Each structure stands twice: as structure tokens, then as C-alpha cells.
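Read through the structure below, which is laid out as C-alpha cells, and then see the notes.
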Amino acid sequence: MRRAPRPPRTLQGLGVSPGIAVGSALVLEIPRVSIFRVSVEAERVPHEISRLRRALALCKRQLLEARTKALQEAGEGYARVFDAQVMILDDSSLVRETTESIRRERVNAEWAVREVVERYLKVLSGTQESGVRERGGDVEDVHARIQQALSGGPRQNLSEAKEDMIIVSRVLSPSDLVLLNREHVIGLAIEEGGQTSHTAIIASALRVPAVVGLKGILSAVKTGEALILDGRRGTVHVEPSTELRESCLESARQAGVLEGRLLAERNLPAVTTDGVVISLLANLELPEEAEAATGSGAEGVGLYRSEFLFLHHSPDLPSEEDHRATYRSLAERMSPRPVVIRTLDLGGEKYFHRILEKEEGNPVMGLRAIRFCLRRTDIFRIQLRGFLRAAAEGGLSLMVPFITDREEILQAREILESCRRELLAEGLPAPDRVPMGAMIETPAAALVADLLAREVDFFSIGTNDLIQYSLAVDRGGVVGAARAAGIRVGLCGEMAADPLCAALLVGMGLRELSMKPSAIPEVKHLLRRVTSGELRALAREALALPGSREIEELLHRQLAERLAAGGACPVELA
Ligand code: PEP
Ligand code: MG
């Protein structure tokens, strides 16, 4: 008997890689291999140990294959994601403890691995530190892979996908993601994860439309059901109506045409029709994104978040050479465009590292970013020395996050200068002077912007944190303080990635905006179709309105017709 089709429904998650995918669902069953304790005879013990070794060798081959593919298709930064899993496999204590357990307990390899892995996971889950807890995900993935190899069964082979499918899964490991057949896997709908999860970063580098954080999608969707995934809006429509499907396909077609048009403008300046030039720069997390940035028309990197370098080396710390090589590579890939390296901003809700755990219970509000660096000058100096050596060849500026007080800038400058003298004394290269900027992302910094402006070469307003910590800060005050001191002021919060907000910010006086690379073409499109006077008037009008809804309405009313408005599915009314 045929099941009646289920009614259409829509799930909302977080769009992490733009694009519209229309296809059918492939719900991935995370394989649950049943693991039993089986006693083995003494003479079978060597056989169990060699089964274990063969399985580990197979897993390593699979992971290295995934690493090579990631390297070819997405670059070194993405390939490193696999290093963590290879490290777990190579961990001598995992092999030793498992082998010992097989010998001592006379049990099968499956049971011995499971016991050892469970002990590891228990230790990891006991920590409050999310960076370490996330390693539990890698350990689980490696465990599933080992069990699969021991069982002799194939891992669900995503490279064999034959028709256009949207993968629906609780999680999708970076290795699976890289190995999938991208000709046929056209979208990813993932139940867990956030903006900065490895899956999200790789999906966007591979340009596969993806939505993460889709709570309940596994129970809401069955394999074969029709899906429309909108990686920009973060929506997944299940069994959509014919009309919605047709209009989404039309939106996808228009988005393709529009992307071509926007990219044709990418090397034109972002200049308003009355001649005011705005610099559009990129926010990056990995040097490999440099090509995406220049491809989108970025005039430089306004924010390189060096935390990712720390995360890639976690649980160790990057060496001075790691810093130098990463910053140099970025400068060269972007050359002759300028690049701003932001010093370590571990902490906040996005980035954790075990080094924080020792220092601070609540790094979101407490010892994060510059505060942490001034406490752990040993770590800060390694970063600054690496930076200075890279900056000796030009193209780089330094930016310090989470400033709240002038004293922090003075101390950071002093340490920078001491590192510079130290390098020169060692016969190593260091520039005479590097531009140093401060992020204005705390209400405290915004309030003393005039004092800070005398100590730095530029400001960059970080609206992500500023909005988070206080909605009642007058950003116009920061711009005024910077102008009075004659320094540059830019903005690098995600707010700039929304064309309407970008226009409002230009109206408030900003002339430099840094954002994720994919947002640059649309922002440029709008700015090239307005006058600066019109935006100034709009900003004045907006500031007099009672709330954000009214401001949004005003911006839409005045600017909607000139927006590129690319590539999102129409919203279906319930
Ligand atoms: C900000 O706070 O606006 C910012 C750009 O920094 P991050 O998002 O890395 O905290
Ligand atoms: Mg910030």
C-alpha cells in the first residue's frame, strides 16, 4: 500500500554556504555496528592484535586519501582538518592500551577498542572547554571508522551517489564531506553544528550549499523525499508545493544570472554615483580563502582571525615559524593588497583552546583576547615574533582585539617593540615600523575612542561583539574620534555583509568595510547605485526612528529597488 504523501513543511537552521539546491533527500544512517564482548583463546590473541593493526592501517589509508583530496580541492588549511584524526589513530597510547587489553582480558579487538575509546571520551566530556569537547567528535568519528574496518563492512560510500541528492545527517565528518561525489551531492542539511564548525567551513570552501543547526531534521525527513535547501536563508522545505519548487528553481536560475552580472563588476571600484570611494575588504579565517577574496573583488583583508591557526594546532600551540609562514602566505596570496592580522582572540563563544581553561572559567566575558595575551606574554611573544618576521617583507598590519583601555594598547606596543629589538639582535628580519590598529568592539573602547585614537594607526569597529555587549553605543562617536585624530576607521563585523546595513554605515561616515568574501559583490552592487548624500540623509532619518523594525522598513523602502537581491527561495507562507 502506498503511503500518502506527507504535507509540506519548512525547517529553519543556519545557512553557512549559499546557494539553492533542489533534489531528493538521502538520510545518512550513522552506522551503528553492534559491538559484543567475545572471549578469545590464548592462541587467538595474536590474530586479534593483527586484525586491529590491519584495521588501523586501513583507516589511516582512508584518512590520508581524504586529506589528499581536501588538499587538491580546497587547500592546506582544509586538509589539516584530517591531521587531528590521523593523530588520534597514530596515538601510541590508543594502540598500546588496546593491544594490552586484548592480551590481558583475552577479548576481541572490537571490544578492546570500544573500552579504550570510551575511557577517552569520558575524560573529554568531563571538561568544560568546548574546543577539547569538540575533539570528542573526532575521536567518535575515528572510533566508528575503526569499528567499520574491523567489521569488514564498507563505510557508506558517498562517492557513489548517482543522482542529485541533498545529504541529511546528524553530523557530517570533514572526511565524508571531502570524499562525497560533488557532481551529485548538491546540498547538505545537517542537524548539528554552527557557523564555525569544520563542516561549515569546508562546505563553503567547496561551494556546496549547506544549512547546519537544523534541529529535528532527522525525524522530519525520509530518504527520497523532495527537498529545497536554501543555503542563504538557512531554510529546508520538505515536500514543497509545485509552485514553491518552480519559484525556487526560478530563483536559482536568476541567482546564477545575477552572480555572473555581479562578478562582472567585481574589479570596478565601490564608488557611489557622486564619487565617494568605499574600500571593501574581506574577513578571513584561513589563508586559502585569499583566492575567494580576490575573486569576489576584495581590496585586501580587513580582518584575519588568527584563532584558526591556534585551533588547527590544538592541543599544541603554533610555533613562531607557523605564524610567520601563515601570515607570509596570506600576504603573498593577496599581494599587492594590504592584510590586517588580528592577534589572538581566543575566548568568546566561538573559539576555545585548552590553554584558556587553565586561566579562566568564563572566557566569554573575562580573560579573552588582549587580556589573555597580556597575561600570557610567552604565547603573545611567539605570535608577535612570527608576525614581525612576516611583516619584514611588507603588506601586513597588526590589529589588537577586545581593547577596553589605553593601557592595553601601550603594553601591547611595548611588547611588540621588545620583540622587534630582540629579532634584530638575533640577526632576524623585522620592519622598522608596522601599522597597529585597535578593534573597537567593547562599549568601554567606544567611550574612550578619542584617547585610543591617539595611540593607534587605525580603528576597526567590531560590531559582532559591540552589539553583543551593548546596543546603546553611538558608533558615530567612534568615527568622529578617529577623524579628529586623523586615523583610518573601518568596520569588520558581520553587519557589513548585509548590503542595507553597509549602506547605512556608509551614511554614518564609514569608508572602509570588511566582510566575508561572498558578500562583497552584492554590497558593491548597491553602493555603486546610490549617492553618499542620500545615504547620509538616510542615516540621519534612521537614527531618529524608535527601533530596529522601523529602520529596517525605511532601508527597504528607500533602497530595495537597487538591491541585487540574489538567490534566496521565496518565503512560503504557512
Ligand atoms: C567583531 O566582534 O565584530 C569581530 C569582527 O570579531 P569576531 O567576530 O571575530 O569576534
Ligand atoms: Mg570580536
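Start at 1 with the first residue, then count along the sequence. Start at 1 and go down the list; that is how both ligands and their atoms are numbered. Since the model is a prediction, treat every value here as computed from it, not as a measurement.
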Give the table of side-chain donor-acceptor pairs shorter than 3.5 Å for residues 403-420, with sequence neighbours excluded, one pair per line with atom names and distance.
{"residue": "Thr404", "atom": "OG1", "partner": "Glu408", "partner atom": "OE1", "Å": "3.2"}
{"residue": "Thr404", "atom": "OG1", "partner": "Glu408", "partner atom": "OE2", "Å": "3.2"}
{"residue": "Arg406", "atom": "NE", "partner": "Glu455", "partner atom": "OE2", "Å": "3.0"}
{"residue": "Arg406", "atom": "NH2", "partner": "Glu455", "partner atom": "OE2", "Å": "3.4"}
{"residue": "Glu408", "atom": "OE1", "partner": "Thr404", "partner atom": "N", "Å": "2.7"}
{"residue": "Glu408", "atom": "OE1", "partner": "Asp405", "partner atom": "N", "Å": "3.2"}
{"residue": "Arg413", "atom": "NE", "partner": "Glu455", "partner atom": "O", "Å": "3.3"}
{"residue": "Arg413", "atom": "NH2", "partner": "Glu455", "partner atom": "O", "Å": "3.0"}
{"residue": "Glu417", "atom": "OE1", "partner": "Arg420", "partner atom": "NE", "Å": "3.0"}
{"residue": "Glu417", "atom": "OE2", "partner": "Arg420", "partner atom": "NH2", "Å": "3.2"}
{"residue": "Glu417", "atom": "OE2", "partner": "Arg421", "partner atom": "NH1", "Å": "3.4"}
{"residue": "Ser418", "atom": "OG", "partner": "Arg381", "partner atom": "NH1", "Å": "3.0"}
{"residue": "Ser418", "atom": "OG", "partner": "Arg381", "partner atom": "NH2", "Å": "2.7"}
{"residue": "Arg420", "atom": "NH1", "partner": "Pro431", "partner atom": "O", "Å": "3.3"}

Please check this pair: side chain of Arg342 against backbone of Gly302, looking for a donor-acceptor N/O pair closer than 3.5 Å. no
Given Val400 and Met439, is the side chain to side chain contact (heavy atoms under 4.5 Å, CB included) satisfied, shown in steps? CA-CA 6 Å; Val400 190; Met439 281 198 76; over 6 Å; no
Does the distance from a Lys or Arg side-chain N to an Asp or Glu carboxylate O, for Arg305 and Glu285, drop under 4.0 Å? yes
Pull out every atom of ligand 1 sitting under 4.0 Å from any heavy atom of Asn464, numbered as shown with elements. 1 (C), 2 (O), 3 (O), 4 (C), 5 (C), 8 (O)
Which of the numbered atoms in ligand 1 are below 4.0 angstrom from a heavy atom of Cys492? 5 (C)
Which of the numbered atoms in ligand 1 are under 4.0 angstrom from any heavy atom belonging to Arg305? 5 (C), 7 (P), 8 (O), 9 (O)
Which is closest to atom 2 (O) of ligand 1 by heavy-atom distance: Met495, Glu441, Glu285? Glu441
Do Gln383 and Thr343 get their side chains close enough for a donor-acceptor pair, meaning under 3.5 Å? no
Is any N or O atom of Gly462, backbone or side chain, closer than 3.5 Å to an N or O atom of ligand 1? yes
Which pairs would a plain distance check flag for residues 539-559, meaning a side-chain donor or acceptor within less than 3.5 Å of a matching protein atom at least two apart in sequence or in another chain?
{"residue": "Arg549", "atom": "NH1", "partner": "Glu553", "partner atom": "OE2", "Å": "3.2"}
{"residue": "Glu550", "atom": "OE1", "partner": "Gly547", "partner atom": "N", "Å": "3.3"}

Out of all atoms in ligand 1, which are within 4.0 Å of some heavy atom of Thr463? Include the element for each. 3 (O)
I need the contact type for Leu303 against ligand 1. Using non-hydrogen atoms and a strict under-4.0 Å cut-off, is it side chain, backbone, both or neither? side chain
Any idea which N/O/S atom from Glu441 gets closest to the Mg ion (ligand 2)? OE1
Report the name of the N/O/S atom of Asp465 located nearest to the Mg ion (ligand 2). OD2
For the 3.5 Å polar cut-off, considering only N or O atoms, please tell me whether Glu307 and ligand 1 meet it. no
Quick one, Ser169 with Glu191, criterion side-chain hydrogen bond (donor to acceptor under 3.5 Å, both in side chains). Give me CA distance, side-chain angles, the key distance, then yes/no. CA-CA 6 Å; Ser169 183; Glu191 190 165 65; over 6 Å; no
Met439: numbered ligand 1 atoms lying under 4.0 Å from its heavy atoms: 4 (C), 5 (C), 6 (O)
When Ile341 is tested against each of Leu309, Leu303, Leu330 for side-chain contact (heavy atoms from CB on, under 4.5 Å), which residue passes? Leu330
